[in-house]
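Let me begin by presenting the structure, written as structure tokens, before commenting on it.
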Protein chains: 2
Amino acid sequence: MSQMLQIYDQLREMILSLDLGPGERMTERWLESRFAGSRTPIRAALVRLEGEELVRRDGRNWIVAPIDLGELEALSEYREPLEATAVRLACARASEADLAAIEEMLDACQSGAPREEWHRVGTDFHVAIARLSGNPFIVKAIESVMARLSRARWLEVWTEPSREQAWAEHRRILDCIRRNQPDEAVRVAAEHIRDTRDRLLRSLNDDRRGLRARGFAVIGGR
Amino acid sequence: MSQMLQIYDQLREMILSLDLGPGERMTERWLESRFAGSRTPIRAALVRLEGEELVRRDGRNWIVAPIDLGELEALSEYREPLEATAVRLACARASEADLAAIEEMLDACQSGAPREEWHRVGTDFHVAIARLSGNPFIVKAIESVMARLSRARWLEVWTEPSREQAWAEHRRILDCIRRNQPDEAVRVAAEHIRDTRDRLLRSLNDDRRGLRARGFAVIGGR
DNA sequence: CCGGCTTTCTCGGTATCCCAAATTGGGATA
DNA sequence: TATCCCAATTTGGGATACCGAGAAAGCCGG
């Protein structure tokens, strides 16, 4: 694989896993030493990440995108009709095998599982459902949404009740699709999205101070 | 402004206006001579355009993204719930001044206006409505959708009846928002989106041969 | 001790260079 | 005429060199 893609993957992972703090400044020359490779592939990776808005320009500098609390509301408003459409289409188009695969994914996530596992499955569930819609634009949009939520969700998966509630809601959505009840599926999915928004806002507001203390840029909110 | 942005803008415009044919191959060194500037800013512009999927890799080569007929259906399916949400939110959030500005934009497009004008206004209308939603994610999504439809729409604005019908539908959507009838607005907008899809599919299928003759790559469809 | 000035250093933007892989073109051969 | 093979060329990926702008650091006079 090309160096550029390697660097892109690593950098993206470092950002989404909070290895690089939101708001942190990166110089191309620091990245050059951090990863093996010259500025050429690093620049390409940065431009790419800029397109996903995981990285941003601050004047002439590159910074990791800050966590924006205000964004959470808009994101919820945006994804709700998309995921509603996704579950509706999934009811019409998904095969039993597709649904079984998703169920297996959910079941693989037991109480004792590490936080990374809950975090990953929580993302993958939504993307997998979107995939059932058969619509590549919906899939891409949901992937992008989950990437934007990724960093905030590390806080959500910190507490047992949040994890469990999200998991239960995922299960209910899946069941509605399996029973081919599109209207109910849409209702449950919308409720899940609003619940998630509230959970994330609460987590972030609670931990805001702690995050700032760790040097994370957390902006917006009311 | 940086060279990279200049090149990006020009190249994007050339692609969206069909100045560069869909499927056409570009070498970095040809672009280097076409625009003044070295490969470095050109490559940055290409990576950016790749993120918008206006440019694509074909093996090791860069090509202008082909026009994909199959994509039109998926796009319609994708944008319908988004624009439905947009008009619904617009009903709740738009000011009279906002609506007047959009009406003015529509009115500026008279029968005698050049095709470029119809094309531009057709795009801007949808983006403007999305903006009324106040949700930046919806705006970005609609901008992206309209960019993807841009090239196909050159055919749509070719014929008088198509132009007029789209214009009338835009007007009806605007009126529903102004009268604050969200459900009706959603219905009309959804109908407009389906009509547009059908018009575009018909235009493209009709002109498919002609487009191919011009060296345009047109793929997909049934 | 402070404020304004100059010097230095750093960084991103751009140009250029090098390389390996891939494509191409042509000639020999069947 | 079709096919294979090899050299020459082209191409994109990466590395490096250079530049100018802006920030930081030092310096000097008050």
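In what follows, chains are A, B, ... by sequence order, proteins preceding strands, each numbered from 1.
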When all nucleic acid strands are considered with a 4.0 Å heavy-atom cut-off, which category describes [X]: base, sugar-phosphate, or nothing?
X       : value
A:Met1  : nothing
B:Thr40 : base
B:Gly37 : sugar-phosphate

Specify the separation, in whole Å, of atom [atom1] of [X] and atom [atom2] of [N].
X       : N      : atom1 : atom2 : answer
B:Arg29 : C:dA22 : CZ    : C1'   : 13 Å
A:Tyr8  : D:dG14 : OH    : P     : 16 Å
B:Trp30 : D:dG12 : CH2   : P     : 12 Å
A:Glu28 : D:dA21 : CD    : C1'   : 15 Å
B:Trp62 : D:dG12 : CH2   : P     : 9 Å
A:Ile42 : C:dG13 : CD1   : P     : 14 Å
A:Gln3  : D:dG12 : CD    : P     : 18 Å
A:Phe35 : D:dG14 : CZ    : P     : 14 Å

- prompt: Is any side-chain N or O of A:Arg39 under 3.5 Å from a base N or O of C:dG13, one able to act as donor and the other as acceptor?
  reply: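 In this structure, the two groups form a donor-acceptor pair.
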N/O donor-acceptor pair, side chain B:Arg43 with base D:dG14, under 3.5 angstrom: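 Checked by distance alone, the answer is yes.
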- prompt: Distance only, no hydrogens: is a donor on one side chain within 3.5 Å (strictly under) of an acceptor on the other, for A:Arg199 and A:Thr196?
  reply: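 Yes.
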task: Indicate whether the side chain of A:Asp206 and that of A:Ser203 have a donor and an acceptor atom separated by less than 3.5 Å.
output: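 No pair is found: no donor N or O on one side chain lies under 3.5 Å from an acceptor on the other.
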query: From the list D:dG14, C:dG12, D:dG12, which nucleotide is the closest neighbour of the side chain of A:Ser2?
result: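 For A:Ser2, the side-chain atoms sit closest to D:dG14.
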- request: Side chain of B:Ser38 only, please: which of C:dC11, C:dA15, D:dA17 is the nearest?
  value: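 Nucleotide nearest to B:Ser38's side chain: C:dA15.
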- prompt: Quick one: which of A:Glu50, A:Glu52, A:Glu53 gives a salt bridge (Lys or Arg N to Asp or Glu O under 4.0 Å) with A:Arg12?
  reply: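 So, applying the salt bridge (Lys or Arg N to Asp or Glu O under 4.0 Å) to A:Arg12 and each of A:Glu50, A:Glu52, A:Glu53, only A:Glu52 qualifies.
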task: Counting Watson-Crick and G-U wobble pairs only, both distances under 3.5 Å, name the nucleotide matched with C:dC18, or none.
output: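 D:dG13 is the nucleotide pairing with C:dC18.
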5' priority, DNA chain C, between A:Asn61 and B:Arg60 [closest heavy atom]: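 Per heavy-atom nearest nucleotide, the more 5' residue is A:Asn61.
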- request: Establish, for the pair A:Arg57 and A:Trp62, whether the NZ or CZ atom is under 6.0 angstrom from the six-membered ring centre and no further than 45 degrees off its axis.
  value: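 The answer is yes, since A:Arg57 meets both limits relative to A:Trp62.
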Between CD on residue A:Glu28 and CZ on residue A:Arg43, distance to nearest 0.5 Å: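 If I round to the nearest 0.5 Å, the distance is 4.5 Å.
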message: Judged by each residue's nearest nucleotide on DNA chain D, which is more toward the 5′ side, A:Met4 or B:Arg25?
response: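 Taking each residue's closest nucleotide, the earlier one in sequence belongs to B:Arg25.
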